[in-house]
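Structure first, then comments.
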Amino acid sequence: MIEQVATHPHPPLHADEDIYTKTMFGFWVYIMTDCILFTTFFATYLVLHNNTFGGPSARDLFNLPYALAETLILLTSSFTCGIGTICAHHKQKRQTIGWFAITFFLGIAFLALELNEFTNFVHEGNSWQRSAFLSSFFTLVGAHGLHITSGLLWMFVCFSQVLMKGLTAVTTRRVMCLSLFWHFLDVVWIFIFTIVYLMGVAA
Amino acid sequence: MSAEIKKATVSEYVIGLVISLVLTMTAYCIVTNELLPEPRMTHALIGLALTQAIAQLLFFLHMWREASPYSNLVLFCFMCMVLLIVLIGSLWIMENLNYNLM
């Protein structure tokens, strides 16, 4: 396949587009299944969020400005990721890497804030073993954090590949899949922020 | 030509970002300033979250833009159906159990 691209510039364009369309569709299928996974975690959280077993409730634990900071950081990273994909479409290697580097550092910042929050909870004794509410909280938000972590690892590998191989059909496709993943993580976070943090503190 | 295409799509992301920021700050202000009474607050927050999710789907994920990958939309609708069944089903059943067993 790669040999074809190198020696026959015209016909593989269709094959490339075909592979691109199929790959993006396949990845979209994966994203849909990931949504179902998060749905089950959300359903669990919604059933258990009042079961505090004498321990602290959402209102006692959550710091809203802190969560807002996390939200804005992740939203901005989703935006910079999108700009990066536009640069990738236009084969601008340096700009793509630049924008994805910004996305990466915003993602690290988000993860650092989240890990800090989790560590504080655990050190105060409010780990996932404290109550059903906290178990479901750590499962839901922790699963999202795990997705962010693997997304950041993927991002690092991805822009290393772009750096070394340039924006070929293969690397561009991977960048598109990554951006799809990253946007999806922000959509999930919207619901986490609303249902866990906002409604937790409001109720 | 390609500069115009680039501008068009960058503006999509900017619009998406601005909409998301506005919706996020609205939701945040509603909660911190307690602008609405209880059942309405929850409805407003869910409404804002859904609107923001749709805005991000439109502007960041470019859903419903391509005519041909119709399958994306079908798959998304199927996912929503499963999501609603799992979510509403779980909440309904657990509420029922809670009432009957406690």
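In what follows, chains carry the letters A, B, and so on, assigned in the order in which the sequence lines appear, proteins first and then strands, with residues in each chain numbered from 1.
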Between Phe79(A) and chain B, which part of the residue has a heavy atom less than 4.5 Å away: side chain, backbone, both or neither? both

Using every non-hydrogen atom in the two residues, find where Leu91(B) and Ala43(A) come nearest and quote the distance to one decimal. CD2-O, 4.5 Å

List the atom of Cys35(A), the atom of Met79(B), and the distance in Å for their closest heavy-atom pair. CB-SD, 3.5 Å

Assign the ring pair Tyr28(B) / Phe193(A) to parallel, tilted or perpendicular, where the plane angle (0 to 90°) is split at 30° and 60°. parallel

Give, for atom CG of Leu68(A) and atom SG of Cys29(B), the distance between the pair rounded to the nearest 0.5 Å. 8.5 Å

Pick one of side chain, backbone, both or neither for Val188(A), based on which atoms fall under 4.5 Å of a heavy atom in chain B. neither

Given side chains that start at C-beta, do those of Leu50(B) and Phe191(A) come closer than 4.5 Å, heavy atoms only? yes

What pair of heavy atoms forms the shortest contact from Trp28(A) to Leu57(B), and how long is it? CH2-CD2, 4.4 Å

Can you say whether Thr85(A) sits under 4.5 Å from chain B via the side chain, the backbone, both, or neither, judging by heavy atoms? side chain

Tightest non-hydrogen contact, residues Val47(A) and Ser90(B), listed as CG2-O, 4.3 Å

Do you know which of Thr71(A), Thr40(A), Asp186(A) has the most heavy-atom pairs under 4.5 Å to chain B? Asp186(A)

Heavy-atom proximity to chain B below 4.5 Å, by part of Leu72(A): side chain

Is there a side-chain contact between Thr194(A) and Leu48(B) (heavy atoms, below 4.5 Å)? no

Contact leader toward chain B among Val201(A), Ile31(A), Ile190(A), where contacts are heavy-atom pairs under 4.5 Å: Ile190(A)

Ile86(A) vs Tyr13(B), side chain to side chain contact (heavy atoms under 4.5 Å, CB included): CA-CA, chis, key distance, verdict: CA-CA 10 Å; Ile86(A) 294 178; Tyr13(B) 283 104; 3.6 Å; yes

In terms of heavy-atom pairs under 4.5 Å with chain A, the winner among Leu23(B), Ile30(B), Leu75(B), Val82(B) is Leu75(B)

If I compare all heavy atoms of His183(A) with all of Gln56(B), which pair ends up nearest, and what's the gap? O-OE1, 4.2 Å

Which of the residues Thr44(A), Ile36(A), Leu75(A) is involved in the greatest number of heavy-atom pairs with chain B at under 4.5 angstrom? Leu75(A)

